[in-house]
Amino acid sequence: MQLQRCLLVVADGRRARLFEEPSRGAALAERPGWVEGLAQGLATAKGRPRVFQRFGNGSHVGETDSPQGRSEDRFLKDLAVRIGDLVMRERFDTVALIAPPKALGVLRAALRPAVASRLGPDEAAERCEDRPEDLRAVLRRLRDEAQP
């Protein structure tokens, strides 16, 4: 029987936590060194930029994406590259993702095809603060729900 080593990625647009599950159902081991060097939480501006007329009450909306949104997308794309490197270097069998809906979509789209083919269960939720024991229970529930 194969061990089914899994990389669990818990992220939002500003930070990420990576966990190793050495075999299916085993305790999760957080690997903070695997996210070192990723630029996390750079932009702090909220909302869309606006241009105000000097005279009168009118205003015009500028770009459709905020600096914070662009920073979060850049972080998630960099994270996807890191995930790809880890999957190949550490020889993970599966990858499980837990992230808010937008972040989950960006991560899925940015993963290399070789890594995307190893995607296991995922959840659209904010869980960056959860304890490893709680994340283990979430991973178990996701796998149970995925069983036919």
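- Exactly one of Glu20, Arg118, Arg143 qualifies for a side chain to side chain contact (heavy atoms under 4.5 Å, CB included) with Cys6. That residue is Arg143.
- From Glu72, atom CD reaches atom CZ of Arg70 across 11.5 Å, with rounding to the nearest 0.5 Å.
- Here the CZ atom belonging to Arg14 is positioned 10.0 Å from the CG atom belonging to Leu76, to the nearest 0.5 angstrom.
- Within the structure, every pair that satisfies the ring-ring contact (aromatic ring centres under 6.0 Å, His included) test and touches residues 83-109, not counting sequence neighbours, is listed here: Trp34-Phe92.
- Taking the charged nitrogens against the carboxylate oxygens, Glu21 and Arg136 have no contact shorter than 4.0 Å, which rules out a salt bridge.
- With sequence neighbours left out, Asp78 forms a salt bridge (Lys or Arg N to Asp or Glu O under 4.0 Å) with no residue at all.
- A heavy-atom distance below 4.5 Å is found between the side chains of Asp85 and Arg112.
- The CG atom of Leu18 sits 5.5 Å away from atom CG of Leu7, with the distance rounded to the nearest 0.5 Å.
- The hydrophobic clustering, which links ILVMFWY residues whose side-chain heavy atoms are closer than 4.5 Å, places Val87 and Leu79 together.
- Residues satisfying the side chain to side chain contact (heavy atoms under 4.5 Å, CB included) criterion with Glu126, sequence neighbours excluded, are Asp12, Arg15, Pro100, Cys128.
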Inset, instruction - Test side chain to side chain contact (heavy atoms under 4.5 Å, CB included) on Arg17 and Val35 and set out the steps. - result: CA-CA 7 Å; Arg17 295 172 68 196; Val35 292; over 6 Å; no
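- Pairs passing the ring-ring contact (aromatic ring centres under 6.0 Å, His included) check and including a residue from residues 97-129, sequence neighbours excluded, do not occur.
- In this structure, Val10 is not a member of the same hydrophobic cluster as Val106, with clusters built from ILVMFWY side-chain heavy atoms closer than 4.5 Å.
- Listed by chain and number, the residues in a side-chain hydrogen bond (donor to acceptor under 3.5 Å, both in side chains) with Arg127 are Glu123, Asp130 (sequence neighbours excluded).
- Linking ILVMFWY residues whenever their side-chain heavy atoms come closer than 4.5 Å, directly or via other members, leaves Phe19 and Leu38 in distinct clusters.
- Taking each heavy atom of Ala110 and Lys77 in turn, the nearest pair found is CB-CG, 4.1 Å.
- Hydrophobic clustering, with ILVMFWY side chains joined whenever heavy atoms are under 4.5 angstrom apart, groups Val9 together with Phe75.
- For Arg108, the side chain to side chain contact (heavy atoms under 4.5 Å, CB included) criterion is met by Leu97, Leu104, Leu119, Asp122, not counting sequence neighbours.
- Considering only heavy atoms from C-beta on, Leu107 comes within 4.5 Å of Ile83 through its side chain.
- The two residues Ala80 and Leu111 come nearest to each other via the heavy atoms O-CD2, 3.8 Å.
- A distance of 13.0 Å separates CZ in Arg31 from CD in Glu36, rounded to the nearest 0.5 Å.
- Cluster membership for Met88 and Val81, using ILVMFWY side-chain heavy atoms within less than 4.5 angstrom, is not shared.
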